[in-house]
Number of protein chains: 2
Amino acid sequence: MVRTARFSEHCFIEAATHLVAEGGPAAATMQAIARRVGAPTGSIYHRFESRSAILSAAWNAAYASFTGALAPLLREGRAREAALAILPWSSKDEHRARFLLLHEPVTLFEDAPPPAPVREELERLEEAFDSAFRACVAARGDGSVREEELARARFLIFDAPIAIIRPHLLKGGPLPPFVERMIDELHAGLPIAATPDQGIRPMAAA
Amino acid sequence: MVRTARFSEHCFIEAATHLVAEGGPAAATMQAIARRVGAPTGSIYHRFESRSAILSAAWNAAYASFTGALAPLLREGRAREAALAILPWSSKDEHRARFLLLHEPVTLFEDAPPPAPVREELERLEEAFDSAFRACVAARGDGSVREEELARARFLIFDAPIAIIRPHLLKGGPLPPFVERMIDELHAGLPIAATPDQGIRPMAAA
DNA sequence: GGCGTTCTAGAACTGCCATTCTAAATGGTA
DNA sequence: TACCATTTAGAATGGCAGTTCTAGAACGCC
């Protein structure tokens, strides 16, 4: 067609991801993103209609990468491996992990809501991830999925591993070796299938 | 002395806490805080030297309230009760819980660092909390404190309960009853004292 | 090889927000 | 009662960041 682009959508997303990972959402100003890429600020608007569009696109990319690593394992019912998958994923590129795991979306999009198509894509990603969880839980029990078991699975496979590595992401540097053991023991000690009514300890009834 | 103040330090902190809890850090502009209190914007500067001063003061207050509820239990070695203490604390006032548990400090203070005295107070609070953890871990073992055990204790008592209730804080509304059981079983299944080398399962060695 | 489309390039605009400033009000004290 | 430190009150300021605008450059097609 016409003039070849020097700057791709991808490189703007990459720059935004790095900036947020290193300095928080406020560090990812349009000028900072442009400066990092070496482009004029105006060029960003040829790819993204607004700041929240580029930030939410970066969020979607990171979320898709993460859930894409876990979902296949979940669908096979391999909960433990799925929980451990966060380790290679987060060390593969630390910036994306810091971006995704250290910031709530609400802190990114509070000024302006992201455009509809990007928001819809995130909803699709979340639904796909949710259905993978349901498949995992169903595979482990009698096929039915109770809310409590779903919450347990999400905690064991998603939130707990994140909580385990989060302090080390904040400090920076490599993950200590014992985080793998913690995730492992967590799965050995807390089953996804909720024990219906017998408290583990007498005091637990409370 | 002189003219009596209509607006206290406390009510500005309260307003800032609510605004962040409801709409994220960017919602807590100086004018929004003032409007919520019914004061002119200038009045805030008679109590706080800057925006990051008031936000960090609010952070310190919430952090002190939370750690103050846990520390006494920790020092007595009552890890399970400490882990469960987050439940009454967070339902006592949901706004402070949302403020503290849903936002990393980095997203609050990224524009300007908080003034030195407030930062130092936070360091004191963090040290006190850390020492309570060390006391708890020491009380449960032979008195020595290994890094791994400290990390386990922080996860079991602090990060994991937060991770368990976070999804429900994000959605809003009351906590489902099974979160208490999850925290309980977590402590029954994953001991603070690290099992030195015997994997729980054969595959765990990895 | 001109032409139109798409891009770069960067200056200009707009609005918002933290902060400051000036003036008026207040109320205990001397 | 007069004083004056402190506060209210709210307008003014200054800067920054998102967004838009204008001009010019590059490339592939007809």
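Lettering follows sequence order; numbering is per chain, from 1.
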Exercise. OP1 or OP2 of D:dA9 sitting under 4.0 Å from any side-chain N/O of B:Arg6?
Worked result: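 For D:dA9, OP1 or OP2 has a side-chain N or O of B:Arg6 closer than 4.0 Å.
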In residues 164-177 of chain B, what donor-acceptor pairs under 3.5 Å come from side-chain atoms, sequence neighbours left out?
unit_1   : atom_1 : unit_2   : atom_2 : d
B:Arg166 : NH1    : A:Glu104 : OE2    : 3.0
B:His168 : ND1    : B:Ile164 : O      : 3.4

Exercise. Strictly under 6.0 Å, is that where the ring centroids of A:Phe158 and A:Phe66 end up?
Worked result: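 Judged by ring-centre distance (under 6.0 Å), A:Phe158 and A:Phe66 do meet the cut-off.
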Exercise. Do A:Ile44 and A:Arg51 come within less than 4.5 Å of each other through their side chains, counting heavy atoms only?
Worked result: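 The answer is no, as the side chains (C-beta and beyond) never meet within the 4.5 Å cut-off.
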For [X] and [N], what is the distance between atoms [atom1] and [atom2] respectively, to the nearest whole Å?
X       : N      : atom1 : atom2 : value
B:Ile44 : D:dT6  : CD1   : P     : 20 Å
A:His46 : D:dA26 : NE2   : C1'   : 14 Å
B:Ile54 : C:dT19 : CD1   : C1'   : 14 Å

For this session: For B:Arg47 and B:Ser8, test the side chains for any donor-to-acceptor distance below 3.5 angstrom and give the result as yes or no.
Result: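 No, B:Ser8 and B:Arg47 have no side-chain donor paired with an acceptor closer than 3.5 Å.
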Exercise. Is the closest basic N to carboxylate O distance between B:Arg80 and B:Asp184 below 4.0 Å?
Worked result: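 So B:Arg80 pairs with B:Asp184 through a salt bridge.
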Problem set entry | N-O pairing of A:Arg152 and B:Glu185 below 4.0 Å |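 Salt bridge: yes.
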Can you name the atoms? Protein N/O to nucleotides 14-21 of chain D N/O, anything below 3.5 Å, with the distance.
unit_1 : atom_1 : unit_2  : atom_2 : d
D:dG18 : OP1    : A:Arg51 : NE     : 2.9
D:dG18 : OP2    : A:Met30 : N      : 2.8
D:dG18 : N7     : A:Gln31 : NE2    : 3.1
D:dT19 : OP2    : A:Tyr45 : OH     : 2.9
D:dT19 : OP2    : A:Arg51 : N      : 2.8
D:dT19 : O5'    : A:Tyr45 : OH     : 3.3

